[in-house]
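In what follows, a single structure is set out as structure tokens and then discussed.
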Amino acid sequence: MREYPVELMLTTEATATPIRNMYALHVHDIAAYEPRLPNAHGVLSDDPDHANWEDLADRQGDWWRKPGVLFPYALFVDGLPAGFALVASGPYIPTPGVDFVMWEFFVHHAWRGTGVAAEGVAQVLRRHPGRWEICTYPNAARPVGFWRKALPACALGEVEEALEDHPFGRKVVWRLEV
């Protein structure tokens, strides 16, 4: 398999465009595991007032207004946007005893199965040593398999996995120290 160089960039409001543009693809992917219908405007959103994807992207503004607490990373391969990782800390942690949570993680379909996602995750986790929590939908076979394979390579010790009722809903949850 060809190795792709993955560049991780902590974005700002001025450099957020790749994440904002890919977010619609991420929401579409999530709809396979958390079924939802488009609203009257054709946007996959529980909010009937979201008239377009820009409205939904505007709701993400806090990611760029809380530096040092929220970390919006874009992943690039050969200078092109390949995905993103939204990392939260502090008051955005839903579970006690955790330092960081992977709030959202997305890799474009073009890069899936190439090692880009695993390298992106490894780079994100290395930037934030501490206790991590990552979760996904129990019926999401491919993401569950991905996390099971990727996380042990990043962990300092054992990776804990549980199916639980989480503040985000019923999830498969991994906790690890990096």
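The shown structure was predicted, so the numbers you read here are calculated from the model rather than taken from an experiment.
The salt bridge (Lys or Arg N to Asp or Glu O under 4.0 Å) pairs that include a residue from residues 100-115 are Asp29-Arg112, where partners are two or more places apart or lie in different chains. Evaluation of the side-chain hydrogen bond (donor to acceptor under 3.5 Å, both in side chains) test over residues 155-165, restricted to residues two or more places apart or in two chains, returns Arg131-Glu160, Arg148-Glu161, Glu161-Trp174, Glu164-Arg175, Asp165-Arg170.
Applying the side-chain contact (heavy atoms from CB on, under 4.5 Å) rule to Gln123 yields the partners Val6, Leu8, Glu119, Arg126; only residues at least two apart in sequence or on another chain are considered. Annotation: ring pair (Phe, Tyr, Trp, His ring centres under 6.0 Å) contacts of Phe146 (sequence neighbours excluded): none. With sequence neighbours excluded, the residues forming a side-chain contact (heavy atoms from CB on, under 4.5 Å) with Ala85 are Tyr73, Met102, Phe105, Val124, listed by chain and number. Partners of Thr15 under the side-chain hydrogen bond (donor to acceptor under 3.5 Å, both in side chains) rule, at least two apart in sequence or in another chain, are Thr12. With sequence neighbours left out, Ala74 forms a side-chain contact (heavy atoms from CB on, under 4.5 Å) with Thr11, Ile19, Phe76. Evaluation of the ring pair (Phe, Tyr, Trp, His ring centres under 6.0 Å) rule for His26 yields Tyr23, Phe84, Phe106 as partners, not counting sequence neighbours. Remark: Lys66 pairs with Asp62, Val69, Leu70, Tyr92 by the side-chain contact (heavy atoms from CB on, under 4.5 Å) rule, at least two apart or across chains.
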Quick one, Ser89 with Phe71, criterion side chain to side chain contact (heavy atoms under 4.5 Å, CB included). Give me CA distance, side-chain angles, the key distance, then yes/no.
CA-CA 8 Å; Ser89 68; Phe71 305 91; 3.7 Å; yes

Side chain to side chain contact (heavy atoms under 4.5 Å, CB included) evaluation trace for His128 with Asp99
CA-CA 9 Å; His128 302 279; Asp99 302 311; over 6 Å; no

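Residues Leu125 and Cys154 come closest through the heavy atom pair CD1-CB, 3.6 Å.
Cluster membership check: Ile93 shares its hydrophobic cluster with Leu86, using side-chain heavy-atom separations under 4.5 Å among Ile, Leu, Val, Met, Phe, Trp and Tyr. Leu10 and Val87 fall within the same hydrophobic cluster, defined by Ile, Leu, Val, Met, Phe, Trp and Tyr side-chain heavy atoms under 4.5 Å apart, directly or through other members. There is a path of hydrophobic side-chain contacts, each under 4.5 Å, that joins Trp132 to Leu163. Note on Leu151 and Val116: same hydrophobic cluster, where clusters join Ile, Leu, Val, Met, Phe, Trp and Tyr whose side-chain heavy atoms are under 4.5 Å apart, directly or indirectly. By the rule that hydrophobic residues join a cluster once side-chain heavy atoms approach within less than 4.5 Å of another member, Val173 and Phe100 end up as members of separate clusters.
Taking the ring centre of Trp63 as origin, the terminal cationic atom of Arg20 falls outside the region bounded by 6.0 Å and 45° from the ring axis.
For the pair Val101 and Thr95, the minimum side-chain heavy-atom distance is 4.5 Å or more. At a threshold of 4.5 Å between non-hydrogen side-chain atoms, the residues His166 and Pro94 count as touching. Counting heavy atoms from C-beta outward, Trp103 and Phe168 have side chains that approach closer than 4.5 Å. Side-chain atoms of Val172 and Cys135, non-hydrogen and from C-beta on, never get closer than 4.5 Å to each other.
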Name every donor-acceptor pair, under 3.5 Å, that has one atom in a side chain of residues 136-144 and the other anywhere in the protein, sequence neighbours excluded.
| residue | atom | partner | partner atom | Å |
| --- | --- | --- | --- | --- |
| Tyr137 | OH | Glu34 | OE2 | 3.4 |
| Asn139 | ND2 | Tyr33 | O | 3.4 |

